[in-house]
Each structure stands twice: as structure tokens, then as C-alpha cells.
Student: 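First the structure, then my questions, so here it is.
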Amino acid sequence: MRCRGLLALLGLLLLCEVFATPGQEQSGAGESCDNFTDLDLAHCFLGTSLYVRLLLYTRSNLDCGRELRHRRLSEQPLFNASRPTTFVIHGYRPTGAPPIWIQHIVHLLAQQDDMNIVVVDWNKGAANLNYFTAVTYTRQAAHNLTGFILTMQEEGASLSSVHLVGVSLGAHLAGYVGANLKGRIGRITGLDPAGPMFTSATAEERLDPSDAMFVDVLHTDMNSFGLRGAHGHIDFYANGGFDQPGCPKTIFAGKSYFVCDHQRSVFLYLCALNRTCSLTGYPCASYSSFLEGQCLQCEAFRPSSCPVLGYDLSPWRDTLLKLGQTRVFFSTTAALPYRKSSYRVDMVTWNQYLRWGVVYIRLHGGRTSTEARIDHKLLRFEQYTSTRLLAQFDEDLPQIQKISMRISTGNVIGPRYKIRLVRVRFTPLERPDRLLMCRFDIIMEENVEVAFRPLPCDSHL
């Protein structure tokens, strides 16, 4: 359980990145650039008054931001109202340092489409040691941004082509903008919307599905700085939306203990934009049900597959709008590229005695192997019982030469009983191009690993 009270307040003070984005005074052509506001702790202790700057990036000036005026957009040559526009909105900045991910997301968004990318720099306002002051400024910042978007519309831009990407407190700021515009903007993406001061908020006081034509949300820290619940047309829950792999579990890790889970939402989204992650979400009632293998099919989205986190959700959008609010779950590894290799494992057991245990499965490919431990609950093995499991591996082995399995029952003093598998079938979930693997009539001894060569499932007569 996370620390409460004073520890939570301490965590709010530490909710920022360690390093600042390197400043750029000039572009490669010698032209001056407008950089994200870089403040220091002195500003934060004294407090900052809200001032919103809009920094424009396009494919022709990816490394050199240009500050936009709120009027006469047609006279600003880099801004093209006929292109789609994505606004990137940061969250609380208690030390005033620029987010380390700004340049990364700008470059990755530019790869998705020829668009206007506008970084909403409200660091003067977000940079306060008093988090509650920053929260009050979100409404004012949203009013400022709403006025700019209305100006865009007056000059020919379509509200449906506007996309707001909000991080933490910035997700609610985006929601306020959407509400101001009566939900007519095209899309809002919320990356772990902030929880503190929003846990009891009404739909009008936080991000919700009515704020845009389409709202997608990613959750990574719902038991600390993130907001619990479902707040979009689709909500992605990484590792259940709580503790993330590789993040510290004790306060002795310092700042990282407080911010790692919350920041993971940004890094997962960046990885998804880079198309190296392919993080598939499975619609399910809960993360535990997902881990139990109960939600590994996506009939509602046919002929498309399950939704994938990222920029392009168009294959699933219409279905999601019909379904209403949909929760989808996925697991990740602790580091890049975050993607796990998932298999549905179907077993039919025929052992004489009832046994309870957990399953360990290891895939072997040459000199490399990877193991999945299905130990979140005890499984029941009895005569002629069909069991479905979700096996998730940290590595994706393209050629599987051998599989080994162990059913651990915890029996250390009694006789070892036999467990007979009439059939075991491995179905790759994210790789439909790969063949199903089967093995038939395996005699296992509890707590003893058994290895076998998988066969094509149609080879058994």
C-alpha cells in the first residue's frame, strides 16, 4: 500500500523529471527558436502566476519551436489551418524544469501525420510547490487554450481535426477545453490523469467521455498520483493500472518511488507512437480476470483485432463509440520495448487425484529461453478438466524448438503424484501468422519439469 499523509505530500513535491530538456538558442540556419520555459526552484518557492505560451512545431521546424500569437494565425507562415492540429499539454511541474519527453513526442507525432504540433507551455502556473495552486490554474489555462482554438476555427480549422494529448494534470486541462467547446473537438488522449483533488470530482470537474468526440485514456498509477476508474470511450490499464514492473517498491529508492509509475504512462505512449511496442488491450471486467485467461478474444471488434495503444485507433473507434466506455487490460515488461509475448494455453488434464498448483512454462529457441510464471492464483487439476491459461513471456522467440513445463503443488514431504495432460495447446495471441503448437498425452510428475518438442496441432491423428 502506498504511503499516505505526509509521504503523499512529499511525493507531490517530487512529481517531476530529473533532467531538463536542453535549451536551443538557434536553429541550424542560425534563426532563433522559442523554447519551453525553464524555471528553477526559486520560482517554485515564490510561486508563479499563470502565463500560457503556445510553441508550434511542424515537419519543417521539428527542432525549433515558434511561439504562436493568439490572433492573425494566417499571418504566421508555419501554421496551416487546413492541417490537423495536436496540442501537447504537460502537467504539474513543481521544480519548473521542462519535461524531458517534449522533443521526443514532437518528433514521434510528426511521423504519424503532416500536422501542426502545438506544445502548450503553462510552466508559469504549473511550477508551484503548492500543487493546489496549479490545480486552480488549469481552468484559466483551459480558457486561454479554448480562445486560441476558436480563433483557429474562425480561420478555417475544423474542430474535429483537433487532438489534445494531456499528461496527468494536463489531461483534466484538456477535458476543460473540450467541455468549453461542447465536446466538438475530435479527440482527447489522457495519459494517467491526475488523481489528487480529482478522486471525488464530478464529470464536469475532470476529464470524461463527453469532452470530445473520442476520448482514450491510459492508466499506470491509480493507487497514487493517477485517477481511478474509467474516464474515456476506451481506458487502457497497463498492468492493471497500478504498480508498474521495474519501478521501486520502497521509499528508500527516493524520488523514483513516487514518480516512476506515473511517468510510465508517457513512456508507454512514446513507445506506442514509435510503433515498437504494439501493446494490445483485451476488453475485460478486471485485470485479475484478464490474467486468468478469461478475456483473450475480441469478438466485438471483428473483423479487426483487439485495440492497440497508440495514435491510430480508427480501426476500433466506431465500435468503441457504440459500446460506450470500454476497459482494456495488458501487461508489460519492465523496460523497452515493454511488449510481452502472449500465448493462450489450453490444457486437458486426466490425473487420478485432485491437485492444486501453479504452472511454469519455458520456451526454448536455440540458446535462448524465456519463462512465464502463472502463479497469481492456485489452479485446479483433476480428472478430465479443461483449463485455460494466459502465459506471458518477456521475450518473443520466433522459432520455438522446445517447451518445458512444471506444475508446482508445494508438496515437499508426501509422494509425488502424476499429472496427465491429455492435450496442451499454445495459441499465439498477437501473432496470428504463427502456427498453433500442440502436444498430446504428457505424463508429468508434480514439481518436476518436463520438456517436449511441440507439434503442429493438425498433426495428431
Side-chain angles (χ1 to χ4, degrees), residues 278 280 282 284 289-299 301-303 305-306 329-331 339-409 416-461:
S278 187
T280 300
Y282 294 87
C284 205
S289 296
F290 164 68
L291 292 178
E292 290 170 11
Q294 298 179 16
C295 313
L296 304 182
Q297 296 177 331
C298 292
E299 291 88 350
F301 295 98
R302 290 180 178 175
S305 58
C306 296
F329 297 84
F330 63 94
S331 301
R339 180 177 179 271
K340 281 182 174 284
S341 179
S342 300
Y343 287 80
R344 188 179 74 225
V345 181
D346 295 286
M347 300 190 305
V348 178
T349 56
W350 194 294
N351 45 292
Q352 182 178 1
Y353 302 100
L354 172 64
R355 310 303 291 162
W356 294 85
V358 297
V359 177
Y360 297 81
I361 302 173
R362 184 178 296 275
L363 305 181
H364 303 262
R367 298 181 179 180
T368 305
S369 67
T370 181
E371 184 180 70
R373 298 190 302 171
I374 308 170
D375 57 357
H376 57 278
K377 61 175 282 189
L378 288 176
L379 301 170
R380 180 186 178 99
F381 302 100
E382 60 181 330
Q383 191 173 42
Y384 203 63
T385 299
S386 178
T387 302
R388 172 165 292 180
L389 310 174
L390 171 63
Q392 300 184 96
F393 302 89
D394 286 354
E395 294 185 53
D396 182 20
L397 304 182
Q399 296 294 329
I400 298 173
Q401 301 172 353
K402 184 175 66 174
I403 298 176
S404 56
M405 295 181 60
R406 176 166 58 95
I407 297 178
S408 178
T409 62
R416 289 178 176 172
Y417 290 98
K418 297 288 195 295
I419 298 176
R420 181 182 178 185
L421 302 183
V422 178
R423 185 196 68 203
V424 57
R425 180 174 61 198
F426 299 84
T427 305
L429 293 178
E430 289 91 20
R431 297 296 184 93
D433 55 311
R434 295 184 181 175
L435 295 175
L436 276 65
M437 300 179 296
C438 285
R439 190 72 186 196
F440 304 90
D441 208 10
I442 303 171
I443 304 298
M444 302 184 64
E445 193 174 52
E446 58 180 330
N447 306 319
V448 176
E449 188 172 47
V450 173
F452 52 87
R453 183 173 62 87
L455 302 172
C457 290
D458 59 0
S459 65
H460 185 70
L461 299 179

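Bear in mind that the values here come from a model prediction, so they are computed numbers and not experimental data.
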Student: What are the two closest heavy atoms between P454 and K402, and how far apart are they?
Tutor: CD-CA, 4.0 Å
Student: Work out which heavy atom in S404 is nearest to a heavy atom in H364; give both atom names and the distance.
Tutor: OG-NE2, 3.0 Å
Student: Take atom CZ of R434 as the centre, draw a 6.0 Å sphere, and report whether it contains more than 12 heavy atoms from other residues, nucleotides or ligands.
Tutor: yes
Student: Can you list the residues that meet the side chain to side chain contact (heavy atoms under 4.5 Å, CB included) rule with I442, with sequence neighbours excluded?
Tutor: L421, V424, R439, M444, V450, F452
Student: Check whether any side-chain N or O of Q401 sits under 3.5 Å from a backbone N or O of G366 as a donor-acceptor pair, and report yes or no.
Tutor: yes
Student: Closest approach of G365 and L397, non-hydrogen atoms and distance?
Tutor: N-CD1, 3.7 Å
Student: Between L390 and L429, what is the shortest heavy-atom contact and its length?
Tutor: CD1-CD1, 3.8 Å
Student: How far apart are the closest heavy atoms of L363 and Y343, and which atoms are they?
Tutor: CD1-CE1, 3.9 Å
Student: R373 vs E371, test: salt bridge (charged side-chain N to carboxylate O under 4.0 Å, His left out). Steps then yes/no.
Tutor: CA-CA 7 Å; R373 298 190 302 171; E371 184 180 70; 5.0 Å; no
Student: Looking at OG of S278 and CZ of R431, how far apart are the two atoms once the value is rounded to the nearest 0.5 Å?
Tutor: 8.0 Å
Student: Could you walk me through whether V359 and T387 satisfy the side chain to side chain contact (heavy atoms under 4.5 Å, CB included) test, starting with their C-alpha distance in whole Å, then the side-chain angles of each, then the deciding distance to 0.1 Å, before giving a yes or no?
Tutor: CA-CA 11 Å; V359 177; T387 302; over 6 Å; no
Student: Could you give me the CA-CA distance, side-chain angles and deciding distance for L291 and S331, then say whether side chain to side chain contact (heavy atoms under 4.5 Å, CB included) is met?
Tutor: CA-CA 9 Å; L291 292 178; S331 301; 4.0 Å; yes
Student: With a 4.5 Å limit on heavy-atom distance, are the side chains of M437 and I400 in contact?
Tutor: yes
Student: Give me the ring orientation class for Y282 and F290: parallel if the planes are under 30° apart, tilted from 30 to 60°, perpendicular past 60°.
Tutor: parallel
Student: Just by modelled atom types, is the T370 backbone N or O under 3.5 Å from a matching donor or acceptor in the D394 side chain?
Tutor: no
Student: To the nearest 0.5 Å, what is the distance between CG on L389 and CD on E292?
Tutor: 10.5 Å
Student: If you compare all heavy atoms of I374 against all heavy atoms of V358, which two are closest, and at what distance to 0.1 Å?
Tutor: O-CB, 3.5 Å
Student: If I take atom OG from residue S341 and atom CD from residue E430, how far apart are they, to the nearest 0.5 angstrom?
Tutor: 7.0 Å
Student: With side chain to side chain contact (heavy atoms under 4.5 Å, CB included) as the test, would you mind laying out the steps for E449 and M405 before giving the verdict?
Tutor: CA-CA 5 Å; E449 188 172 47; M405 295 181 60; over 6 Å; no
Student: Nearest 0.5 Å, please: how far is CD in E299 from SG in C306?
Tutor: 8.5 Å
Student: Can you measure from CG (L354) to CD (E382) and round to the nearest 0.5 angstrom?
Tutor: 5.5 Å
Student: Is it true that a side-chain atom of E446 and a backbone atom of Y417 form a donor plus acceptor pair closer than 3.5 Å?
Tutor: yes
Student: Look up atom CD1 in I361 and atom CD1 in I407, then write down how far apart they are to the nearest 0.5 Å.
Tutor: 9.0 Å
Student: For T349 and R355: C-alpha separation, side-chain torsions, deciding distance, then whether side chain to side chain contact (heavy atoms under 4.5 Å, CB included) applies.
Tutor: CA-CA 11 Å; T349 56; R355 310 303 291 162; over 6 Å; no
